[in-house]
Amino acid sequence: METATGARALLGRLWRAHRRELGAFGVVGGLAFVVDVGLFNLLRFGGSGLLADQPLTAKVVSASVATVFAWAGNRWWTFRHRNRPAAVRELALFVLMNAAALLIGLAVLATSHYVLGLRGPLPDNAANLVGIALGTAFRYVAYRLWVFRRPRGTGRADQPRPGRDTVSA
């Protein structure tokens, strides 16, 4: 029983310490999801159907735009209180972490579909959702550790820095 109580207390402390960042991360991710799905459908089925017969190309374009959108949102909102290395380096790391997260999702789907033999729309979508969840958890940790690192020479990086990350009246 003490272990469960200790785990709840730890989760409570983690939530209190990171709730603003996790909330912003969720909002940015949700909007990037809308950009990805919306642009994919626009390219495939909207108006002129620019890429109507090229679903993979449409997906690459929509995912690329959504990745750049998510990077900008996370750079200037979610992790704005963290170190600001060169933007090109940061974007390259961001894309690399997203590629790794994509591989996590593909591994879950491949295991479900090919190794376990769970085929069909329901098992494939369930595996896809599990892969997205695991990839999202990986991205959050990877962004904090490698992409949007702690500022050097400061105390706690999780807190806004006065005069830089706060708005004064």
Side-chain angles (χ1 to χ4, degrees), residues 1-41 59 62-109 111-112 122-169:
M1 197 63 166
E2 282 183 36
T3 304
T5 303
R8 277 195 302 272
L10 175 63
L11 287 174
R13 282 193 308 274
L14 286 171
W15 171 250
R16 285 186 297 280
H18 302 288
R19 66 179 161 229
R20 189 216 58 84
E21 198 171 82
L22 282 166
F25 180 78
V27 169
V28 169
L31 291 172
F33 175 79
V34 170
V35 167
D36 186 2
V37 172
L39 184 56
F40 174 77
N41 281 288
K59 183 59 184 171
S62 68
S64 298
V65 171
T67 296
V68 172
F69 174 87
W71 169 72
N74 282 306
R75 177 177 173 82
W76 288 297
W77 187 37
T78 307
F79 298 106
R80 69 182 176 265
H81 56 282
R82 291 186 167 255
N83 197 21
R84 304 271 49 109
V88 173
R89 178 186 173 280
E90 187 177 86
L91 178 58
L93 284 170
F94 190 86
V95 169
L96 182 65
M97 295 307 126
N98 276 278
L102 176 60
L103 290 176
I104 291 169
L106 290 174
V108 171
L109 184 57
T111 300
S112 170
L122 184 59
D124 282 354
N125 278 294
N128 188 34
L129 289 175
V130 169
I132 288 169
L134 292 174
T136 298
F138 167 79
R139 278 190 300 272
Y140 178 73
V141 171
Y143 295 168
R144 284 181 55 84
L145 293 177
W146 299 301
V147 180
F148 305 105
R149 297 183 316 223
R150 292 177 180 261
R152 297 179 199 273
T154 61
R156 287 197 54 214
D158 298 331
Q159 301 302 319
R161 291 175 290 184
R164 176 166 176 165
D165 297 327
T166 57
V167 178
S168 55

Between F94 and N98, is a side-chain contact (heavy atoms from CB on, under 4.5 Å) present by the stated rule, with each step listed?
-> CA-CA 6 Å; F94 190 86; N98 276 278; 3.2 Å; yes

Heavy-atom closest pair, residues A32 and A70 |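 So the minimum-distance heavy-atom pair works out to CB-CB, 3.9 Å.
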
Kindly give the heavy-atom pair with the smallest separation between R20 and R80, and that separation in Å.
->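 Between these two residues, the closest heavy atoms are NH1-NH1, 3.4 Å.
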
Spacing of D36 atom CG and F40 atom CZ [to the nearest 0.5 Å] | 9.0 Å

How long is the span from the CG atom in L102 to the CZ atom in F138, to the nearest 0.5 Å?
-> 11.5 Å

Sub-3.5 Å donor-acceptor pair from the side chain of [X] to the main-chain atoms of [Y], do we have one?
X: R75; Y: A72; answer: no
X: R89; Y: V147; answer: no
X: T67; Y: A63; answer: yes

Beyond-backbone contact of W146 with L96, side-chain heavy atoms, under 4.5 angstrom |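 No; the side chains remain at least 4.5 Å from each other.
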
Using the six-membered ring wherever Trp is involved, compare the ring planes of F25 and Y143 and label them parallel, tilted or perpendicular (cut-offs 30° and 60°).
-> perpendicular

